[in-house]
2 protein chains.
Amino acid sequence: MLIGELSERTGASRRLLRYYEEQGLIASRRCQNGYRDYDERFVDRVVQIRGLLDAGLPTRIIRQILPCLDQPRTIHFSDATPEMIATLERERDRMTSRIDCLSRNRDAVSEYLDAVRDNRSREAVGTEPDT
Amino acid sequence: MLIGELSERTGASRRLLRYYEEQGLIASRRCQNGYRDYDERFVDRVVQIRGLLDAGLPTRIIRQILPCLDQPRTIHFSDATPEMIATLERERDRMTSRIDCLSRNRDAVSEYLDAVRDNRSREAVGTEPDT
DNA sequence: TGGAAGCCTCACACTTATGTGAAGGTCAAT
DNA sequence: ATTGACCTTCACATAAGTGTGAGGCTTCCA
């Protein structure tokens, strides 16, 4: 599959796909004419990369954890150096606190929206003045 | 409280606090000599801002949702224009999907770590060769 | 009175993740 | 053969979040 198709199927711009390659997040073979040639598995891979980026992880961390998240769950124990494991544990914890923080704030936003909605319906029956 | 103290208590550099002010995320009174003067509530506020930033929200969104998340939960219904509510709902949904994505990936990392740990203990009793 | 420590503004610099455009090759169809 | 839709590399641009340093206040303490 050429870069245009990968782009369409993942929603990442061509530019961005070349950037991910430059960052070592994905790889491509080259056709005789120099065109990049990707295989199927990169569709999921790119989607995952974008999810992680959107979740706030920088490419250098993604590059590290990506091998562990490969589709045909082949565990590469060879990569599992103590430093690697430490990095992963640290990153897992960071992800957890990020999740907690996001959840708290999302809940706060939700509560606000609920309160506004309540206020609206009270106003609708003309019961209370607002702030 | 002067900027130095706020910096120490929040872990954000002075530079960053000035930047947040420039971005409209926090505000300060000024002393006669021009020094910034913050009150207590900004400690929590800054911590919250950093949490949201770390969670991937850009300052322009944080600026919008911050008033809704104020400590003494004063609901400012006056701010609740339809566009504002729409933005908040959109942002709440984005936060939810970010949480889901982060959770999935964190779980994948956890699974990998568990697998490595299992492999380690099997190795310890000399049962299996590795990949 | 002098120095250290804290503050101010301004400004240049860097990284990360992106967009955009130029100059040019390839390929398929007309 | 030319057009249009691909692809290539290179390079400049931008926003966000930071660092760092210059040049210059203030405040306090010895």
Side-chain angles (χ1 to χ4, degrees), chain A residues 1-39 42 45-66 87 91 94-95 98 101-102 105, chain B residues 1-39 42 45-66 91 94-95 97-98 101-102 105:
Chain A
M1 151 183 17
L2 299 186
I3 199 169
E5 186 181 342
L6 185 57
S7 170
E8 263 175 38
R9 290 175 61 182
T10 58
S13 69
R14 289 144 219 253
R15 170 68 174 85
L16 217 32
L17 293 174
R18 297 194 188 104
Y19 174 71
Y20 294 159
E21 181 171 324
E22 190 185 309
Q23 296 300 308
L25 304 184
I26 56 179
S28 60
R29 287 179 306 279
R30 294 301 180 115
C31 309
Q32 301 84 335
N33 58 16
Y35 289 10
R36 286 174 179 80
D37 184 29
Y38 299 98
D39 60 60
F42 283 109
R45 180 110 161 192
V46 169
V47 169
Q48 185 169 39
I49 289 169
R50 295 186 63 72
L52 289 167
L53 280 173
D54 188 56
L57 278 75
T59 50
R60 72 169 200 291
I61 298 297
I62 298 179
R63 180 168 41 245
Q64 279 189 290
I65 73 180
L66 223 42
T87 298
E91 217 48 42
R94 281 175 54 80
M95 289 167 95
R98 230 187 290 250
C101 175
L102 259 180
N105 285 289
Chain B
M1 154 184 13
L2 298 185
I3 200 169
E5 185 181 343
L6 184 58
S7 168
E8 264 177 36
R9 292 175 62 183
T10 59
S13 69
R14 292 146 218 252
R15 171 68 174 84
L16 215 32
L17 294 173
R18 296 194 190 104
Y19 174 72
Y20 291 160
E21 181 172 323
E22 191 184 310
Q23 296 300 307
L25 303 184
I26 55 178
S28 60
R29 285 179 305 279
R30 293 303 181 113
C31 308
Q32 300 83 337
N33 57 18
Y35 287 11
R36 286 173 178 79
D37 184 30
Y38 300 97
D39 60 58
F42 283 107
R45 179 110 160 193
V46 169
V47 169
Q48 185 171 38
I49 289 168
R50 294 182 66 71
L52 288 166
L53 281 172
D54 188 57
L57 279 76
T59 50
R60 72 169 198 291
I61 298 297
I62 297 179
R63 184 169 36 247
Q64 280 188 289
I65 73 181
L66 223 42
E91 217 47 43
R94 281 176 55 80
M95 288 167 97
S97 54
R98 229 188 289 252
C101 175
L102 258 181
N105 284 290

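Excluded from the calculations below are hydrogen atoms, water molecules and symmetry mates; all remaining heavy atoms, backbone and side chain alike, are included. Residue numbers start from 1 in every chain, and the chains themselves are labelled A, B, ... in the order their sequence lines are given, proteins ahead of strands. These figures come from a predicted structure and were not determined experimentally.
We find that CG of L53(A) is positioned 18 Å from P of dT15(C), with the value rounded to whole Å. In this structure, CD1 of I49(A) is placed 11 Å from P of dA17(C), rounded to the nearest angstrom. What separates CG of L6(B) from P of dG6(C) is a distance of 15 Å, to the nearest Å. Distance E22(B) CD to dT18(D) C1': 12 Å, rounded to the nearest Å. Atom CD1 in I3(B) sits roughly 20 Å away from atom P in dC25(D) (whole-Å rounding). With rounding to whole Å, R30(A) atom CZ is found 6 Å from dT8(D) atom P. The distance between atom CG of D37(A) and atom C1' of dT8(D), rounded to the nearest whole Å, is 15 Å. The CG atom of L17(B) sits 14 Å away from the C1' atom of dG6(C) (whole-angstrom rounding).
One finds no side-chain N or O of R18(A) lying less than 4.0 angstrom from the OP1 or OP2 phosphate oxygen of dA11(D). Contact annotation: Y20(A) side-chain N/O to dT18(C) OP1/OP2 distance is under 4.0 Å. Distances shown here put every side-chain N or O of Y19(B) at or beyond 4.0 Å from the OP1 or OP2 atom of dT18(D).
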Please report the C-alpha distance between L52(A) and M95(A) in whole Å, then the side-chain angles of each, then the deciding distance to 0.1 Å, and finally whether the side-chain contact (heavy atoms from CB on, under 4.5 Å) criterion is met. CA-CA 10 Å; L52(A) 289 167; M95(A) 289 167 95; 4.2 Å; yes
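Within 4.0 Å of R60(B), counting heavy atoms only, lies no atom of the nucleic acid at all.
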Nucleotide by nucleotide, nucleotides 19-30 of chain C touches protein heavy atoms under 4.0 Å in the pattern (B base, S sugar-phosphate only, - none) BB----BBS---
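Between L102(B) and L102(A) the shortest heavy-atom distance is CD1-CD1, 4.3 Å.
D39(A) pairs by the salt bridge (Lys or Arg N to Asp or Glu O under 4.0 Å) definition with R29(A), R41(A), not counting sequence neighbours. Applying the side chain to side chain contact (heavy atoms under 4.5 Å, CB included) test to R9(A) and every residue at least two apart in sequence or in another chain returns M1(A), E5(A), E40(A), V43(A). Applying the salt bridge (Lys or Arg N to Asp or Glu O under 4.0 Å) rule to E8(B) yields no partners; only residues at least two apart in sequence or on another chain are considered. Every salt bridge (Lys or Arg N to Asp or Glu O under 4.0 Å) that R94(A) has, sequence neighbours left out, goes to E91(A), D54(B). For S28(B), the side chain to side chain contact (heavy atoms under 4.5 Å, CB included) criterion is met by E21(B), R30(B), R36(B), Y38(B), not counting sequence neighbours.
In terms of position on DNA chain D, the residue among T59(B) and G34(A) whose nearest nucleotide sits closer to the 5' end is G34(A).
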